[in-house]
Amino acid sequence: MTLRFKRLTLIGIGLIGSSIALAAHRKELAEEIVISTRTEATLQRARELELGDRYYLDAGEAVEGADLVILCVPVGACEAVTKWIAPSLAPGAIVSDVGSVKEVVINAMQPHLPDTVHFVPAHPIAGTEHSGPDAGFAELFENRWCLLTPLPGSDEQAVARIHEFWTALGSNVEEMDAHRHDRVLAITSHLPHLIAYNLVGTAHDLETVTQREVIKFSAGGFRDSTRLAASDPTMWRDVFLNNKDAVLEMLGRFSEELAALQRAIRWGDGEALYKAFERTRYIRRNIIEAGQETAEPDFGRHVKDAGE
Ligand code: NAP
């Protein structure tokens with residue numbers, strides 16, 4: 001099997017699309033990289049950054065002759081883009097995406113794709129709070145997970161090629177059922193973002209009362225939350241709208257645990273608080289041991305961070 005693609009088309013050239021373009025170019029994974037995005041301004045920026053070889057506003061034209069097409073647009077835009085490109089896809093092409101939610105995206109894309117192409121959904125678990133074509137960097141996916149959620153009956157060779165593609169970009173690749181993916185990500189990524197948005201929003205409301213103190217004296221915990229809460233609002237709106245059931249389930253569990261902590265604080269139950277906090281410490285140790293985080297006190301975030 002040859003890993004190199006003849007023509008890789010990226011639809012959407014923000015943080016993820018531009019990082020794929022840079023990494024694929026560096027690793028020579030495609031003979032030609034074609035870029036498409038919906039606005040002239042972003043396309044022009046991609047051109048200036050020399051992210052690809054050819055540039056199109058028309059996504060249909062961009063996918064012509066491509067043997068790999070990756071949608072790098074917000075989850076909520078996947079259906080419209082799929083409808084747009086479907087008539088122009090080359091027979092045998094592999095179509096993939098990078099959406100942070102899988103079940104809804106699969107249901108939105110699959111019905112519009114012709115039988116002649118192979119659909120292999122993917123989700124690189126790598127990101128920063130920055131967006132747009134300037135935010136990309138070739139190392140984004142290194143030592144990060146990329147989860148593939150092939151469909152029952154997916155072409156094995158196409159899945160294997162996408163597996164190899166992401167491995168070549170530096171990711172650790174694993175396959176997972178889409179429903180399971182959405183539940184796992186709801187607790188590991190989506191809920192933390194929701195909490196961060198809420199925490200920072202609450203502090204912002206408080207700020208009018210306590211002047212600038214919240215910002216001036218913000219401790220590490222709050223500072224870390226501001227990084228998550230600075231993430232792209234369009235992307236995260238779409239994540240919550242499209243992973244509704246799993247997020248609501250995790251939020252319900254979270255609220256129950258929070259109520260238990262609230263009660264322990266109210267009743268001065270130090271033992272309950274200690275037990276709750278002790279139980280969770282080992283998870284961080286495991287994450288560090290798994291190489292997904294650094295033990296440095298600043299989380300190593302003086303360098304470019306890469307954790308969605
Ligand atoms: P981004 O930096 O905001 O870039 C989004 C790209 O999609 C831009 O090229 C934008 O085009 C285009 N776009 C936006 N809305 C669109 C629409 N309605 N129709 C067609 N194109 C549209 O976003 P990103 O962070 O790369 O995220 C892209 C995808 O990656 C999302 O599905 C997200 O769930 C997934 N993802 C993100 C992260 C992360 O941490 N950021 C991590 C893993 C996966 P214009 O600029 O021309 O408007």
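Every number for a ligand or one of its atoms is a count from 1 in the order of the listing.
Near His123, with a cut-off below 4.0 Å to any heavy atom, the atoms of ligand 1 are 43 (C), 44 (C). Listed by number with element, the atoms of ligand 1 under 4.0 angstrom from any heavy atom of Thr37 are 8 (C), 9 (O), 10 (C), 11 (O), 45 (P), 47 (O). Annotation for ligand 1: atoms under 4.0 Å from non-hydrogen atoms of Met235 are 33 (C), 34 (O), 37 (C), 38 (C), 39 (C), 41 (N). Of all atoms in ligand 1, listed by their number and element, those nearer than 4.0 Å to a heavy atom of Ala77 are 17 (C), 18 (N), 19 (N). For ligand 1 and Ile13, the ligand atoms under 4.0 Å from any heavy atom of the residue are 8 (C), 9 (O). Within ligand 1, counting atoms from 1 as listed, the ones closer than 4.0 Å to a heavy atom of Thr39 are 45 (P), 46 (O), 47 (O), 48 (O). Less than 4.0 angstrom separates some heavy atom of Gly99 from each of these atoms of ligand 1: 32 (O). For ligand 1, the atoms sitting less than 4.0 Å from at least one non-hydrogen atom of Val75 are 32 (O), 34 (O), numbered in the order shown with element in parentheses.
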Can you list the steps and then say if Leu185 with Val101 is a side-chain contact (heavy atoms from CB on, under 4.5 Å)?
CA-CA 8 Å; Leu185 269 292; Val101 178; over 6 Å; no
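Heavy-atom contacts from other residues, nucleotides or ligands closer than 6.0 Å to NE2 of His25 number 12 or fewer.
Between Ile85 and the options Leu71, Val117, Asp58, a side chain to side chain contact (heavy atoms under 4.5 Å, CB included) holds for only Leu71. A side chain to side chain contact (heavy atoms under 4.5 Å, CB included) with Glu103 is found for exactly one of Asp177, Asp182, Asp245, namely Asp182.
Among the atoms of Leu15, some N or O lies under 3.5 angstrom from an N or O of ligand 1. Residue contacts with ligand 1: Thr42 is placed with a nitrogen or oxygen under 3.5 Å of a nitrogen or oxygen of the ligand (distance criterion only).
A 4.5 Å side-chain heavy-atom check between Leu51 and Ile33 finds every atom pair outside the cut-off.
We find that Arg54 and Glu61 are not joined by a salt bridge, their nearest charged nitrogen and carboxylate oxygen being 4.0 Å or further apart. Between Arg45 and Glu48 there is a salt bridge, since at least one side-chain N of the basic residue sits less than 4.0 Å from a carboxylate O of the acidic one. A salt bridge links Arg253 with Glu249; the closest basic N to acidic carboxylate O contact falls under 4.0 Å. Between Glu40 and Arg47, at least one side-chain N (NZ, or NE/NH1/NH2) sits under 4.0 Å from a carboxylate O, which counts as a salt bridge.
The residue among Ser131, Gly127, Ser189, Pro124 with a heavy atom at the shortest distance from atom 40 (O) of ligand 1 is Gly127. For atom 32 (O) of ligand 1, the nearest non-hydrogen atom from the set Val81, Val98, Val73, Ile16 belongs to Val73.
Proximity of Ser231 to ligand 1, defined as any heavy-atom pair under 4.0 Å, is not found for any part of the residue.
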